[in-house]
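See structure below.
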Number of protein chains: 2
Amino acid sequence: MDRKEFRDLASPEEAREAIASLSLEGGVERVSLENARGRVLVARLDAELDVPGFDRASLDGYALRARDTFGADEADPARLDVVGEVHAGEEPDVALEEGQATEISTGAVMPSGADAMVPVERTDTDGGDVLVRTSVAPGDNVMFAGADVAAGERALGPGTRVTPRDIGLLSALGIDEVPVRKRPTVGIVSTGDELVRPGEDVDSDRGEIYDVNSYTIAAGVEDAGGDPVLYPHAGDEQDEMERILRQAAEECDLVLSSGSTSASAVDVIYRVIEEQGELLLHGVAVKPGKPMLVGRLDGSDRRSSAGDSAYVGLPGYPVSAMMVFRTFVAPAIREAAGLSEPMSATVEGRMAAQERYGEGRLRLMPVGLVEDGDGETLIYPVDKGSGATTSLAEADGVVEVSPETDYLEAGESVTATLFSPDVRPPSLLGVGEDDPTLNRLLDRLENPRYLSEGSRPGLRRLRDGVPDVAVVAGPMAGDLTVATVEEDQSSEADPDAVELGQWSREWGLIVRPGNPDEIDGLDDLIDRELRFVNRTTDSGLRTSLGEAVADLADERGTARHDLVEAIDGFDLGLRAHESPARKVVAGEADAGLGLAETADRLDLEFVPIDKQRVRVLANPDRTEKASVRELEALLADDGTSFQQY
Amino acid sequence: MDRKEFRDLASPEEAREAIASLSLEGGVERVSLENARGRVLVARLDAELDVPGFDRASLDGYALRARDTFGADEADPARLDVVGEVHAGEEPDVALEEGQATEISTGAVMPSGADAMVPVERTDTDGGDVLVRTSVAPGDNVMFAGADVAAGERALGPGTRVTPRDIGLLSALGIDEVPVRKRPTVGIVSTGDELVRPGEDVDSDRGEIYDVNSYTIAAGVEDAGGDPVLYPHAGDEQDEMERILRQAAEECDLVLSSGSTSASAVDVIYRVIEEQGELLLHGVAVKPGKPMLVGRLDGSDRRSSAGDSAYVGLPGYPVSAMMVFRTFVAPAIREAAGLSEPMSATVEGRMAAQERYGEGRLRLMPVGLVEDGDGETLIYPVDKGSGATTSLAEADGVVEVSPETDYLEAGESVTATLFSPDVRPPSLLGVGEDDPTLNRLLDRLENPRYLSEGSRPGLRRLRDGVPDVAVVAGPMAGDLTVATVEEDQSSEADPDAVELGQWSREWGLIVRPGNPDEIDGLDDLIDRELRFVNRTTDSGLRTSLGEAVADLADERGTARHDLVEAIDGFDLGLRAHESPARKVVAGEADAGLGLAETADRLDLEFVPIDKQRVRVLANPDRTEKASVRELEALLADDGTSFQQY
């Protein structure tokens, strides 16, 4: 079926136009001054009164007739007869005659007859008289009625986004309520039987996963100036999905569904849209995000401004959903909310490594930023493949790669659009082994980023010159020449990496509490029928285990290969450093490769095999970078501070 | 008394240190995921589970053993026996044997025995078999457990400001509540008998004014990440002020008072602070903002985090209060909220005109920005004197002028710090006459700024090269040579100003409804005992009136001066264009100078005297500026569109 296979993809421009053609506007509402900040005025506000509403003394002192002070100075003061006083918030009960002055306080009404005032500092009193030791001109130290804002003046124009300063102006005019654009209401419907709301329990055996899109999109909607409404999950059960979609269409200006692009769900949406609405577009030539729907849904009751609701179907994969939302939906919401595009926050940088591509679709490539030794920005793609949820949390922005581009060369200059203007690239970028001690170290740095991909990828990326540091566990440093900080500082050295510091960690087998199988070490895995769970070859633990097995093979005079074969599960390598232990907890394994600290944390028994070094290796060109020096300093202090747990 | 005269002023640095020495922190709270956006994490969050929690099919298709497909291609597909199917959210009930495949949908659990999957597009079915027309490697199209996030991995570090992308990660981990920094609670107490809350009625005769600071500071507190609490006004009555201050100190982390720097109020605050707290600082060498207090107040109950409350006394004048708040208080609130300084949004520009100064205090000069013809930024001071409330609404940022600087030269390059990173300088800057038709015109432009200071200042500023356009009413164009757009385009012309367009308006005398005094024109003002209210000499109306009087003097063969003398109130010039009419409404005058439209608006009677032109004059160097061309176009269309009302 055509609808399932998206044969005809729309261009990004067509997608933008399709969404732009929909009415998302929420109409008008009146909000109190307390709630006006950041809202957008729908009408011009004129001053209905003068500010100040009266001629006002600017200082504490004496109100008087300027001409009575002409010629007065320190030596030859003018002597005036003091008649009465006026304080702020009082109506003057005097009218000044020639030769008279009235004591007046800051902000008080100038009495009639007075045309200027003298600050108290320039006067002395003498009985009932005041000696004025300066001469003033008419209007001196007086703020005349309307001098600040004049009645009838244009105060704020339509489209103004109200700032605290505007609130000051509105307050001065006595305005306590303003007409603003209503925030567009955006209904969010996640579909899929496998989705579970965060906070509830997931059953992984049944393939359940937490619903990522609902809250993420909701936060994105708020960022864009919209009002998100989360609807209950629609399972793949069709009537339910239809009911929820119709309800959302009635209640909202825009309905977003996600995960609704699987064949069966699409059928439902097609039917709903065809029965009460219009489908404008299906499928866009972008990656990620191809399976996107744009249409219109009639609300059976007419609560929403335009009587109907716009509809956009987002892909189910979180990264795709967010990228499509950012690129196509958020701008439309901002537009409807009356907000201008945020200051385009873009960063020029060089590609850290070559990136191949070429699918004839516009690519929205999530990227991370890192500063090299010269303070230049390097840009690297962040992509854990479709289905990944963390990619965006580890990215700073997006590089758009045109359909014509087949690959981006390393060092090629590209422009990244930051996710928001206040995104600050991480102070430190690290890649490598996952380690509890390291985690505590990272907590001491401000805004670091660490990609725990394992020791091997850490070294590879360090060689490519991407991260500031790689964290490597076990023997593996590949063919890199590693210098100490001291060696590096001695001019001769030109190493591949500089070791900032190291610590050691105890690794071994993690077994059930009380070690019921009485596992003492590797021999048991080889000689007995025990189910073992290993780590991936990327992990430093796996490497150390491999070496231990090799040593054991030498002892026994057999081939390493034979021992490996004898270990049930040696080839089953899990990426997560706690996962083997968790398999033990789940009863799916008798022993898992892991750290003493992990066993401790999960209340399991630990069978030690050996210790291994964890080394922090810096890119030699970045050793002067502030965050790298900070990390070096943290490693230098006796270490107990971060090693104990 | 020392306290009243601020003899020893602290330096700005000392003021910052004094505030930094106070504890503003609000402690820790747990918020739900929906409310986590923008909040700051207080602790590291580790992954407690693998994401995904199982090996997961990335596409719709068939799960199988990779080795069963080796060598398969379009021409020579692999034929596999289809056993069962798995959908998302289901537990597989099959275990694959060699030569078998299972139908599987996107996101479903890979059945045991399968190590890869093939998308449906690369297969055909044949009875109970599937023909696989490609070969896959182990792991192809499968996302393994923990590949996205691995249990035990460091997910988000302490100090992270939660973005929508982080919310995605938290959702994926099933986390529905996070520990964040509490927003510091900031109590706001405005003092002064003359203050009235917006929305209520002010009695100008009693010198009442609307309270500007409460809502403005509250909005500023929110901007800085704090939680504002507005307290009822404290009048100058001392017990009341004391009671409110103590209550605020008990309930808040920081108490801000404003207007509390007048001598009498200071006495109260001194007493309160001395009795239960500590005064750290009084008076700081900045302008505006000198009268500032910093101290500590003990809360009698210990609700607030540190058991006591920080205190800052802000000046009463709104501009001073906001500048002091921005410069000294907001950074401390952000710090306590765990927010980093916003991206420093600064703009380099040239001073549009010379600015004198030199009081030996750091000056925080509110400035506006305008682009000149070459797209270069001009910076001009915005200052309506102390007491003004609109200055900041008409400003874009602040230039700090050091105490040593006596004046800034025109053209001198300075750096302005924008009020916020998303401040966008106005598209068009105009100065001149206030006019209702103009106001409607401005509504059609996006983000214009108009300073209605009158025709004369408009011309002066245009000559100084500050605004894009000046709006001038009546005969006055001073000694400027004014060209039409056409003349300007003809290369010879080198005018002082270019007229973009004009309209005419009817002016005259505004009198009581029904014109009870039967006023027919100027003669009545001269020959009868009538109270008249005039406009300032800055106004184009005043100029036209002056000319009319001069003509009348010629007719009568007398001196203009004598007629002016004969008009009671001719010299009483009000700045606001509606104010004379409002004096008539108030019964304080029998006739006021004004426009037909104003009389109409206020339901008064209008006695026409003459019509005058209102001309929009552009700076010749800015005629190509987009907003100027837009204005020109608006003026060019028949005009009725914006003239009618």
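Lettering follows sequence order; numbering is per chain, from 1.
Note on B/M322, B/E34, B/E208, B/E394: by heavy-atom pairs under 4.5 Å with chain A, the leading option is B/E34. For chain A, the option among B/G38, B/G174, B/A393, B/A147 with the highest count of heavy-atom pairs below 4.5 Å is B/G174. When each of A/V51, A/D55, A/N447, A/L392 is checked for heavy-atom pairs under 4.5 Å with chain B, A/L392 comes out on top. Highest contact tally toward chain A, considering only B/L170, B/L33, B/D223, B/V109, is held by B/D223 [criterion: heavy-atom pairs under 4.5 Å]. Comparing B/E177, B/E48, B/E446, B/R161 by heavy-atom pairs within less than 4.5 Å of chain A, the highest count is held by B/E48. Top candidate by heavy-atom pairs under 4.5 Å with chain A, chosen from B/G53, B/P164, B/A150, is B/P164. With chain A as partner, the option from B/A151, B/G146, B/S391 having the largest number of non-hydrogen pairs under 4.5 angstrom is B/A151.
Heavy atoms closer than 4.5 Å to chain A are found in the side chain of B/R582, but not in its backbone. With a 4.5 Å cut-off on non-hydrogen atoms, B/L442 touches chain A through its backbone and its side chain both. Proximity to chain B (any heavy atom under 4.5 Å) is restricted, for A/R601, to the side chain, taken from C-beta onward. When heavy atoms are compared at a cutoff of 4.5 Å, B/A321 does not approach chain A at all. Heavy atoms of B/E153 lying under 4.5 Å from chain A belong to its backbone as well as its side chain. Both the backbone and the side chain of B/A172 come within contact range of chain A, each with at least one heavy atom under 4.5 Å from a heavy atom of that chain. With a 4.5 angstrom heavy-atom cutoff, B/Y450 does not touch chain A via any of its atoms. No part of B/L156 comes within reach of chain A, as not one of its non-hydrogen atoms sits under 4.5 angstrom from that chain.
To the nearest 0.5 Å, the span separating CG on B/L574 from CG on A/D50 amounts to 7.5 Å. Put simply, OG on B/S214 and CD1 on A/I167 are 12.0 Å apart, with the number rounded to the nearest 0.5 Å. Between B/S171 atom OG and A/L195 atom CG the span is 11.0 Å, to the nearest 0.5 Å. Taking OH of A/Y317 as the reference point, atom OG1 of B/T106 lies at 5.5 Å (rounded to 0.5 Å). Between A/T536 atom OG1 and B/F144 atom CZ the span is 11.5 Å, to the nearest 0.5 Å. To the nearest 0.5 Å, atoms CD1 (A/I209) and CZ (B/F54) are separated by 6.0 Å.
Residue B/L49 comes nearest to A/Y210 through the heavy atom pair CD2-CE1, 3.9 Å, listed as atom of the first residue, atom of the second, then distance. The two residues B/V212 and A/G168 have their closest heavy-atom pair at CG1-O, 3.5 Å. Here the shortest heavy-atom pairing between A/G152 and B/H577 reads O-CE1, 3.5 Å.
Every residue two or more places apart in sequence or in another chain that forms a side-chain contact (heavy atoms from CB on, under 4.5 Å) with B/P228 is listed here: B/I188, B/A218, B/V221, B/E222.
Distance alone, capped at 3.5 Å, is enough to place a donor-acceptor pair between the B/R165 side chain and the A/A395 backbone.
Inter-residue side-chain proximity for A/D193 and B/H87 is flagged as unmet; no heavy-atom pair is nearer than 4.5 Å.
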### Message
Pair B/R440, A/R44 - check side chain to side chain contact (heavy atoms under 4.5 Å, CB included), show working.
### Response
CA-CA 9 Å; B/R440 284 188 293 275; A/R44 182 179 79 227; 4.1 Å; yes
For residues 196-204 of chain B, please give each side-chain donor-acceptor pair under 3.5 Å, one per line with the distance, not counting sequence neighbours.
{"residue": "B/R197", "atom": "NH2", "partner": "B/Y231", "partner atom": "O", "Å": "2.9"}
{"residue": "B/D203", "atom": "OD1", "partner": "B/D205", "partner atom": "N", "Å": "3.0"}
{"residue": "B/D203", "atom": "OD1", "partner": "B/R206", "partner atom": "N", "Å": "3.3"}

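Partner A/R154 forms a side-chain contact (heavy atoms from CB on, under 4.5 Å) with one of B/D434, B/D443, B/L438 and no other, that one being B/D443.
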